[in-house]
2 protein chains.
Amino acid sequence: MIPPEKRATIRDVAVAAGVSQSTASRALTGRGYAAEAVRERVQEAAHQLGYVPDAMARHLKQRVSRSVGVLVHDLRNSFYADLAAGAGNAARARGYTITLTDLGGGATDEVEGAEAFVAMRVAGVVVTPGSAAITDYLGRHRVPSVEVDRQFAPATCDAVVVDNRKAAREVTEHLLDLGHRRVALLIDETDWTTGRERYEGYCTALEARGLEVDRGLVVASGWDVAAAKATATTLFASPARPTALFAANNVLAEGAWRAAADMGLHIPSDLSLASFDDAPWMTMVTPTVTAVVQDSVAVGEAAVTRLLDRIEDPAAPPRTVVLAAPLTVRGSTAPPAS
Amino acid sequence: MIPPEKRATIRDVAVAAGVSQSTASRALTGRGYAAEAVRERVQEAAHQLGYVPDAMARHLKQRVSRSVGVLVHDLRNSFYADLAAGAGNAARARGYTITLTDLGGGATDEVEGAEAFVAMRVAGVVVTPGSAAITDYLGRHRVPSVEVDRQFAPATCDAVVVDNRKAAREVTEHLLDLGHRRVALLIDETDWTTGRERYEGYCTALEARGLEVDRGLVVASGWDVAAAKATATTLFASPARPTALFAANNVLAEGAWRAAADMGLHIPSDLSLASFDDAPWMTMVTPTVTAVVQDSVAVGEAAVTRLLDRIEDPAAPPRTVVLAAPLTVRGSTAPPAS
DNA sequence: CTGAAAGCGCTTACAG
DNA sequence: CTGAAAGCGCTTACAG
């Protein structure tokens with residue numbers, strides 16, 4: 001148990017057990033034949049020497065590592081953190097390890113992150129993409145990938161998403177059913193499927209009731225809390241203030257909530273608020289916040305599961321897994337003050 | 001630009017550029033000589049072929065990878081998620097990649113996670129340990145590590161922590177200054193330095209005022225929100241209910257907050273609440289919550305920085321970096337109702 | 001059932 | 001300044 005000056009290699013194990021390297025390898029990996037007695041002797045020797053096989057050497061030979069890459073936009077957002085946690089769970093359960101790249105909120109280039117994955121010869125990657133460039137790149141380098149949360153390449157790439165359109169429509173209808181007519185949408189982008197589909201769901205609900213989409217009520221915001229708060233503040237201060245606001249994700253909802261609080265707007269009497277995405281704070285504040293609840297841990301798990309299945313069956317046609325995202329009505333939405 | 005059937009290797013690049021493999025390697029890595037014209041020719045060839053060097057092969061030769069392991073308790077806790085985000089930032093800035101292991105709230109064995117890191121021959125690991133076993137193990141295998149948040153092996157291992165004792169004492173004194181005499185401590189463990197030192201800080205503050213520590217007011221709880229809520233509910237229902245509660249971390253604070261809300265206890269008039277750790281919800285609820293604010297992103301960054309410095313200078317004595325964790329007084333703490 | 005040999009894709013002394 | 005050769009630690013056909 002004295003630490004060796006040098007890490008033990010399989011050669012050391014073989015010598016200690018009095019067998020050849022090949023036999024030691026077979027005994028340890030369980031692939032190929034090895035007499036029971038020999039197997040035990042080798043394993044004992046490995047244990048004695050504190051032998052830990054070099055994953056790099058093993059994977060170099062096998063041409064691929066037992067690691068999956070996960071690329072998220074910003075780990076500080078609980079949505080992505082939960083996603084990563086779920087991906088980690090599923091990977092661990094199947095003997096894989098996770099290599100995580102956090103884009104730091106967009107500070108880093110996606111494709112650069114993908115290149116690191118290719119260099120590491122990961123078995124595959126789970127990615128929350130910002131464009132089709134990243135899965136294109138990975139595809140060209142023959143590394144399987146699955147898009148998660150949003151989708152850019154449905155024809156060529158697996159994906160795990162929720163039905164954004166349907167859920168957004170439900171939220172909007174819920175607000176309309178309560179009697180709201182001036183329902184604003186706070187949104188940060190409509191280039192990705194998430195934003196676009198949520199926007200479309202919002203429009204569809206309005207149009208189904210014979211209402212026109214008022215462009216002045218669809219407000220674009222930056223992606224962080226501070227930007228959302230500033231945008232919401234301006235909106236709430238306008239003469240034609242909406243009676244209800246649908247925030248297209250949890251960060252935007254947080255900004256809107258903070259803006260309303262600072263301005264002394266009372267929820268839900270002055271303003272109804274609904275969010276796409278749940279977050280812990282939404283059931284802690286008073287009133288609690290109506291939200292589309294995505295189980296992002298489950299999304300992460302599903303993504304890794306899809307990826308690992310894809311690796312086993314590379315020829316299967318691309319599949320898009322759609323997870324449930326039910327609307328959960330809470331205290332922040334109510335009929336408008338007459 | 002047609003995808004090759006097989007990934008390009010340095011041999012392919014060398015052939016395309018009309019040089020030897022060694023020269024191609026030198027031209028690409030920038031180590032060793034290569035004529036300017038040759039260097040350009042090789043780089044052009046590499047680009048044409050979409051060559052991405054195999055990190056495994058490179059690191060196998062170099063005996064260590066350019067990746068650092070990060071082991072956290074539970075990514076769903078914003079404290080750890082932010083820590084991981086900070087670690088990722090710092091690593092990326094210095095050309096390292098992060099391999100993340102999430103223990104899933106304790107479901108997985110620490111040492112097992114550490115073994116995977118050893119197998120990958122990571123350059124080092126940042127770990128939020130549960131005992132000294134993990135850094136022992138890593139040390140035996142010659143992989144440098146830094147303990148973060150809590151510390152088990154100050155004599156042998158680098159660490160990045162905050163002054164728990166001092167901050168906990170400040171919180172308790174703040175509560176005592178407001179006039180509270182029945183100040184409870186809600187805590188999940190006292191085996192780690194975090195819990196023990198926070199407990200000690202609490203005791204010190206009490207004793208400095210000539211008050212005895214009432215064992216009935218020091219309540220142990222499980223580590224998740226549900227357990228904390230249940231424990232707090234029992235505490236709040238007891239005849240000798242405290243007038244103030246100090247929760248030893250953000251999860252416990254969340255449980256206590258939810259318990260108080262469910263029981264109709266008004267904060268701060270019925271109960272003052274203070275937390276060790278800040279969390280987004282603490283500035284969203286009414287009233288906002290008094291907390292010891294740790295910048296966990298900064299903690300993660302500092303940990304990776306320390307680790308990388310350690311790698312460059314393996315012989316230096318172990319160092320413990322102590323970061324500031326100021327008490328931020330908000331609305332949840334006030335004098336007790338007479 | 002076991003061992004000698006080749007090879008995964010790189011880097012790095014060492015000659016030239 | 002460049003190339004041939006060795007070797008990092010494994011696994012895997014291939015003989016025996």
Side-chain angles (χ1 to χ4, degrees), chain A residues 4-43 45-46 49-67 118-123 141-143, chain B residues 4-43 45-46 49-67 118-123 141-143:
Chain A
E5 319 65 35
K6 212 177 156 306
R7 249 189 291 250
T9 71
I10 199 170
R11 170 173 222 104
D12 301 324
V13 174
V15 169
V19 297
S20 74
Q21 225 182 97
S22 341
T23 302
S25 174
R26 266 181 259 121
L28 256 17
T29 60
R31 273 198 269 265
Y33 299 100
E36 189 49 33
V38 168
R39 189 183 303 277
E40 275 171 20
R41 198 144 37 88
V42 171
Q43 278 167 349
L49 294 169
Y51 172 67
V52 179
D54 185 323
M56 290 189 296
R58 171 176 292 174
H59 296 146
L60 173 60
K61 180 66 185 173
Q62 293 173 161
R63 316 291 308 105
V64 70
S65 78
R66 248 181 122 70
S67 178
V118 174
M120 297 181 73
R121 305 297 191 254
V122 295
H141 284 274
R142 299 273 177 272
V143 358
Chain B
E5 319 66 33
K6 210 176 156 305
R7 249 190 292 250
T9 71
I10 199 170
R11 170 173 221 103
D12 301 324
V13 174
V15 168
V19 297
S20 74
Q21 228 184 95
S22 342
T23 302
S25 174
R26 267 181 259 122
L28 255 17
T29 60
R31 272 199 268 265
Y33 299 100
E36 189 48 34
V38 169
R39 187 181 304 277
E40 275 170 20
R41 196 141 42 88
V42 171
Q43 277 168 349
L49 294 170
Y51 171 68
V52 179
D54 185 322
M56 290 189 297
R58 171 175 292 177
H59 297 146
L60 173 60
K61 180 64 184 172
Q62 294 173 162
R63 317 290 305 104
V64 69
S65 79
R66 249 182 122 69
S67 178
V118 174
M120 298 182 74
R121 305 298 191 253
V122 294
H141 284 274
R142 299 273 178 273
V143 357

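Just so we're on the same page: letters track the sequence lines, and every chain starts at 1. A quick note: this is a predicted structure, and the numbers were derived from the prediction, not measured.
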**Message:** Which is more 5' along DNA chain D, the nucleotide nearest B:Val38 or the one nearest A:Ala57? Just name the residue.
**Reply:** B:Val38
**Asked** DNA chain D: B:Gln21 or B:Arg121, which has the more 5' nearest nucleotide?
**Response**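 This one resolves to B:Gln21.
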**Asked** Hey, is the main chain of A:Val122 close enough, under 3.5 Å, to the side chain of A:Ser67 for a donor-acceptor pair?
**Response** no
**Message:** Donor-acceptor pair, distance only, cut-off 3.5 Å: does the side chain of A:Arg142 make one with the backbone of B:Arg7?
**Reply:** no
**Asked** A:Thr9 near the nucleic acid: base, sugar-phosphate alone, or nothing, with a heavy-atom cut-off under 4.0 Å?
**Response**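 A:Thr9: backbone/sugar contact only, no base atoms under 4.0 Å.
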**Asked** When all nucleic acid strands are considered with a 4.0 Å heavy-atom cut-off, which category describes A:Arg31: base, sugar-phosphate, or nothing?
**Response**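 Touches sugar-phosphate only.
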**Prompt:** Side-chain donor-acceptor pair under 3.5 Å between A:Ser25 and A:Ser22, yes or no?
**Reply:**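 No donor-acceptor contact under 3.5 Å links the two side chains.
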**Prompt:** More 5' along DNA chain C: A:Ser22 or A:Tyr33, using each one's nearest nucleotide?
**Reply:** A:Tyr33
**Request:** Determine which nucleotide pairs with D:dA4, using a 3.5 Å limit on both distances of a Watson-Crick or G-U wobble pair.
**Result:**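 When the pairing criteria are applied, nothing turns out to pair with D:dA4, so the answer is none.
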**Request:** Return the nucleotide paired to C:dA13: Watson-Crick means purine N1 to pyrimidine N3 with N6-O4 or O6-N4, wobble means G-U with N1-O2 and O6-N3, both under 3.5 Å.
**Result:** none
**Closest non-hydrogen atom pair between B:Thr23 and B:Val38, with its separation** = CG2-CG1, 3.7 Å
**Asked** Shortest non-hydrogen contact from A:Val42 to A:Val13?
**Response** O-CG1, 3.8 Å
**Prompt:** chain B on DNA chain C: first and last contacting nucleotide, 5' to 3', under 4.0 Å to a heavy atom?
**Reply:**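 Listed 5' to 3', the contact boundaries are C:dG9 to C:dT12.
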**Request:** Could you walk me through whether A:Asp12 and A:Tyr51 pass the side chain to side chain contact (heavy atoms under 4.5 Å, CB included) test, one step at a time?
**Result:** CA-CA 9 Å; A:Asp12 301 324; A:Tyr51 172 67; over 6 Å; no
